[in-house]
Structures are given as structure tokens and as C-alpha cells.
Number of protein chains: 2
Amino acid sequence: MKLRLVSTLSLLCVLLGGPALAEEGLRDKAKGLFQPIPQNAPVLPGDTTAAEKTALGKMLFFDPRLSENQDLSCSLCHNPSMAGVSGQFLSSGRHGELGGRNVLTVFNAVFNASQYWDGRAAGLKEQVEASVMSSPAALLKTRGGPMAIPAAATASAKQHVIERLKTIPGYVDVFKKAFPDAADPVNYDNVARAIAQFEATLITPGAPFDRWLKGDDAALSPTQLQGLALFIGKGCAGCHNGVNLGGSGYARFGVVQSPSVDLLPPDDWGRAAVTKKVEDKYVFKIPNLRNVELTAPYFHSGSTDDLKEVVAVMASAQLGVALAPEEIASIEAFLKSLTGPAPEIVLPMLPPNPPRALAKPAN
Amino acid sequence: MKLRLVSTLSLLCVLLGGPALAEEGLRDKAKGLFQPIPQNAPVLPGDTTAAEKTALGKMLFFDPRLSENQDLSCSLCHNPSMAGVSGQFLSSGRHGELGGRNVLTVFNAVFNASQYWDGRAAGLKEQVEASVMSSPAALLKTRGGPMAIPAAATASAKQHVIERLKTIPGYVDVFKKAFPDAADPVNYDNVARAIAQFEATLITPGAPFDRWLKGDDAALSPTQLQGLALFIGKGCAGCHNGVNLGGSGYARFGVVQSPSVDLLPPDDWGRAAVTKKVEDKYVFKIPNLRNVELTAPYFHSGSTDDLKEVVAVMASAQLGVALAPEEIASIEAFLKSLTGPAPEIVLPMLPPNPPRALAKPAN
């Protein structure tokens, strides 16, 4: 394998005029396709209370009281200790009801053009709005526990979340600081806005690949450079490009060759359920590859936790290419260069409930 | 009420010789009963890798992979964002199965003489050992999900946890650093030791009451001082004393007057289940009152989240005393002076699974 690796590199060198030039040529190509993650989280221009919104959003992100039974927080599935995912095959409610798809990472999600595997939310704020509602209304519908309110329309479920937050004195003050111009700052729109603002800070600048893009030759190993050349040359970068190496468009899973039903369960039509167009059957959002070594299991179906298998399946299903084991290994090595330092998060302290905030269990 | 408060204070002053002397007399009495929380977490003398054990323990504390279905961590029920409790009436498994008792806080638990409501674990290490085992073996026994292994004897369940940790390369290194002298450091004993070491750092020195004990007159309000005088004078401090104002002994719930079955469900015999002695029926550990305003709901039965109700019930059930509403209010005000700054916790980053660490769901 080492011989073949060396010979492929040599070929690249010959084609591009020596090792240094080869790397420069590759870097120029890469710079046309990819951008490093910016050092600072994006904020709305002119927002003077962005820090206060972030602080509020962090509290809400970690607060289980946003869920119907007060026991499921955003952080449980989008776990910042686990690169923003749950490590589970499929998303799940607090009581084990499996959702339909694998959890997508919240890390760097701010750079995606849309959210969810089917792109049904345009931005983080819309994703938050929908996900908070899906906890009580959909995920938790199977359980009649302490806080299970009767199945409610979305509007009244939103009202329910807001009424609960308004009973917690510690929150009211923090909402006022985050939204000083609002007459009645504790509202559902602001809940989503604050969580989205916090989530926008969950970015991972400084990955080896980004350092290499910016000119640090030592940041990638020869194997990783070969992997990058293959990633571009074989066509992976046709879809996986931009800041997030994905996250910006859609593709049918199985463009060239249909994957097995394990990987592509026939009853999940993907984006077709959103657009109602038959040509969107089995079309999914191209996932973000940042920190991909940490975000297993993979595919919308969460059907494998082996990154090598993913590379092989993608090559055959999307590109009609059968990769050799050493090509797969070098592409995997390149993918590992997309892992950046995780954001440092100090756990927020949540304000306590007032008396009588919980309904007593029936037992 | 204000008048009566002032007159009670005046009476105290007369009895003890003026405001300053009254406070000094009260402080002397208090110093004989209570101790402030020490500034630094206790460590074993001569342990040169205490910091490494704490770092490992923090990872394990936040890692859902310690549970059978890889979705339940210590931090979920002993939530450091919520003063070390879950905010729920009763402890619960990952999938909503309610445990039998309210979750006790992990904050300052290191200063308790025993752990659990029935004192069945002597120290934090024993509590961790038992709790990790209770997740798969007891709490989660109702579910047959992705990772549900068949009900196993404790020994093989421990082995199962250790085998899983050994497959995660990132953990093996951290265990080696924490236990440099061990030939095979990844073992169940060390898991419990490391988590206990981390938990021992979850202390809250610097509460207003502690500052007052140390001489800061302004740290307690007149109402709080009156509450403290009542807390001592009415007999509460007979049980709730020491560093944690509790946590060091046992008492029957209903010494003088039996509380309602809501508060004392007749099927939970408390410590009798541990000691097998009939005289321990309805005997429970005297709970730690540190940060009590943040640790609702209350009682082993989690049957109320109203601290005023708790004070009234304790007075009548344990002491045979009917407190006036303003006495209850001032004792509650005193109890709120037991809230100390929460420990600052930076979320740990957890090492990723190797491929094939998860069994695929059956659906």
C-alpha cells in the first residue's frame, strides 16, 4: 500500500511539477472549492445584545423544561460533549421512541443553507421552532407522564412553553436583557431566536484542513493530501464543498446505483415529503462533513457507524466509482482533518421553578 | 406581620443584650452546630493524580455510554445546571420509568455520611457503583431497545460497561493517566473512583450563611437571622446540622405525628429495607439542606415543590410544633441563605466510538 501511495503522489508531482508545486496546485484547486470556518461566530449586524441573546439561548438549550415532561433538552440529542450529536442511530424522544432519522450535528450548522435531512427548515431559528414543538407534540406523544398535557395544536403548545417560562422569575429578567426593546420579551419567537444565536456560536474553526488551506503545509499528512486529491478528483467535492463541505444543496441518495434498503429505507422519501414533487423522492440534504469522524452513525438512516463504509457507499451509489481500500483509507484520513477544536462551553445555571410549577404525578 | 417580626427580634435582643450581642450569641450557638463548606474539594492525601482522576470522572459523569442504551448519563438526573438534581418528582430511567424516590443532589454530597435516601451506600464511590448498575439492570429493564442486553447479573453487567469503555481508544489513555500504577486501569472500581473524585469537586462554598458564620454581619438579613434563631430554637438543627445541615444521620419521618400518605407512601419502608430491622420502618436519611431552594421537589417521595409546605410539615411531623406563617416565612428565608455559588463546569469532550461500537437497531 505504501508503494502505491508513493507512486500516486509521484504521479501528481510529475503532473504538477514537483512536490511543492504539486501541493500548491492542490491548494489552489481546494481554495476554489472550500473555505475555512471563520474564527468568529456570525452575528446580526448592529445587534448590541448578541451576547445577552447567546447567554439566554445557552440556558434554553440546556433546559429540560422546554419539553412537555420537563426532561428533554436540546443538549440531550445535540450533545456538545459528543460533537453536537447523540451517538445514537436515530433521533429519539425522552422515553425511547425512535425518530425517523439520524441526528444532524448542531456544530457549524449555522453555515448550512438549510436544516434537517430534508431541508424543511431554512435556518437555525426555524429548526429550533420546529424541534421544540416536535418534542411534546410528536416525540413524546406516546407517554402520559407527570407533565403530559393533552395533545395540543401547535399554537397552544407554543403558548404552553411560554406560559411555563413566564412562571420562572429568573428567566423573565434574562429575556428582558436579551430583548430590551420588546414590550413582552418572553415569546416563542424570541425563544427560537436566542437558541439559534447560541447555536451559531457552536463552530469549530482551526481544523488541520483549514490551517492547510491558509498555508500551513505541515497541517496535513501525505496520506491526507492524497485523500484530498482523491476527494476532488473522484468527484466527492462536486457536492461536498463550501465552508461545511456540504450542507448547501440536495442530492438523490443513489444517483448512479441504488444503495441497499438498510441504508435507504424505502418508506422515507426524503425531500419529496417537503416539496411534494416526485422527482425529489429519495433526495436528501448533502450533509456537512465537518467533524465527521465524531458524528457517527452516518446517513439519514443512521445505518452504519463505519466511516470507511460510508466513503465506499458514497463512491459507488453517487459516483459509480469502486474505490480501492487504500483510496478509501486516504479519503478517510483526509476527512479526519476536518475535525476542529470543539467550542468551550461552561454549563449554564438554570433558574429554579417557583412552587407549584410541576403537576404532581398521578401514581 | 412586620410588627410581629420586629417584636420577636426585639425580644431576642432583650434576652441576649442588644442587637450586636444578640447576633454574636446567635453566631456562637450556630458555630457550635454548623460548619461552613470548605473552600477546596477534599482529595485523598498523597494522591498525585487527583486532577487526572477528576478529569476522567467528569468525562464519565457526562457520558451516556455508561448506560445500557448509551443514552443516560449521571448528569441527566444529577444535572449540574439544576443544582445537581433533575427537577422531577421522582428519579426516572431514560425512557420514563419512574424510580421510587426523589433524586438527591450531587452538590456537596461528599460531605454526607452516607448516600441515597436509605443510606445504602456509604460513600460517593459506592453510590456510583450502585447507580451505574441500576441504570441497565433496574431502571432500563422495561425497554428492549437498540442496546438492551439481556438482564444480566451485576458482575457481568459491570464487565459489559468495562468492555465498552475499553473499545474507546480515547478513554484508555485517560484511564492510564488517572491510574498510572495500575496494570489494567480500565476497571469498574476505577470508573467509580474517578466519578466519585469528580463529584467531590461539586461543592458550593461561599453561601451567605457561611459568610455570616465566618463573621460577615451583612450576609444575612434580619428576617434570615430570625429564621436561623427559629431553626435552632424550634429544634430543626437537632437533625439538620453539620457542614451540610443534614446528611449525617437518620430519622423516622413522622416522629411525633404521621404525615399524609401523599408525603409518606406506605409501601416505601425506607431504611428498614436496608437494615431489615422493624424499628427502621419509615426511617430515612436526614437530607442535606444546602441549596435547598434549588432542589425541589422535596421529601423522599418528591411529593411537594413548596418549601414553605416542607417547613410546616417537618415542624408538625418531626417536632410536634405548629409554626405561624411568619415563622415559616423567616425559616424559609434562612434556608435560602444556604445557596452557594454553583461550581463552574466546562463541558468535557468525549472520545468518539470506534466503528461497530453500536449494535444496529432491529427495526
Side-chain angles (χ1 to χ4, degrees), chain A residues 59 62-65 69-71 73 75-76 79-83 86-90 92-98 140 143 145-147 262 265 293-297 302-309 341-361 363, chain B residues 59 62-65 69-71 73 75-76 79-83 86-90 92-98 140 143 145-147 262 265 293-297 302-309 341-361 363:
Chain A
M59 291 165 72
F62 282 97
D63 200 326
R65 291 172 294 186
N69 290 300
Q70 312 210 18
D71 54 6
S73 61
S75 62
L76 204 65
N79 188 341
S81 290
M82 302 180 89
S86 69
Q88 299 287 305
F89 283 100
L90 298 174
S92 70
R94 175 68 180 85
H95 310 113
E97 325 78 282
L98 291 179
L140 298 187
R143 180 173 179 246
M147 276 305 291
D262 275 1
E293 72 166 314
L294 306 176
T295 62
S303 45
T304 177
D305 55 7
D306 185 343
L307 193 49
K308 284 196 171 75
E309 185 186 342
E344 187 179 286
I345 299 172
V346 177
L347 270 184
M349 291 304 133
L350 301 178
N353 280 328
R356 310 294 177 208
L358 286 172
K360 232 156 139 170
N363 62 334
Chain B
M59 292 165 72
F62 282 97
D63 200 327
R65 291 172 295 187
N69 289 299
Q70 312 208 18
D71 53 6
S73 61
S75 63
L76 204 65
N79 188 340
S81 290
M82 302 179 88
S86 68
Q88 299 286 306
F89 283 100
L90 299 173
S92 71
R94 175 67 180 86
H95 308 113
E97 324 79 281
L98 291 179
L140 299 188
R143 182 173 178 245
M147 276 305 291
D262 274 3
E293 69 166 315
L294 306 176
T295 62
S303 44
T304 177
D305 56 7
D306 185 343
L307 193 49
K308 284 195 172 74
E309 185 185 342
E344 185 178 287
I345 300 172
V346 176
L347 271 183
M349 291 304 135
L350 302 177
N353 281 328
R356 310 292 176 209
L358 286 171
K360 230 156 143 171
N363 62 335

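None of these values were measured; they are calculated from a predicted model. Only heavy atoms go into these numbers, but all of them, side chains included; no hydrogens, no water, no symmetry mates.
- Under the 4.5 Å side-chain criterion, counting only non-hydrogen atoms from C-beta, Pro64(B) is in contact with Leu350(B).
- Met82(A) touches chain B through its side chain: at least one heavy atom from C-beta onward sits under 4.5 Å away, while N, CA, C and O do not.
- Closest non-hydrogen pair, Pro297(B) versus Gly87(B), comes out as CD-O, 3.6 Å.
- Heavy-atom pairs under 4.5 Å with chain B peak, among Ser86(A), Ala83(A), Pro351(A), Pro80(A), at Pro80(A).
- Note that the CG atom of Leu307(A) and the CD atom of Glu309(A) stand 10.5 Å from one another [nearest 0.5 Å].
- Heavy-atom pairs under 4.5 Å with chain A peak, among Pro352(B), Ala342(B), Ser81(B), Ser75(B), at Ser81(B).
- The shortest side-chain heavy-atom distance between Leu294(A) and Met349(B) does not fall under the 4.5 Å cut-off.
- Contacts between Pro341(B) and chain A at a heavy-atom distance below 4.5 Å are absent for every atom of the residue.
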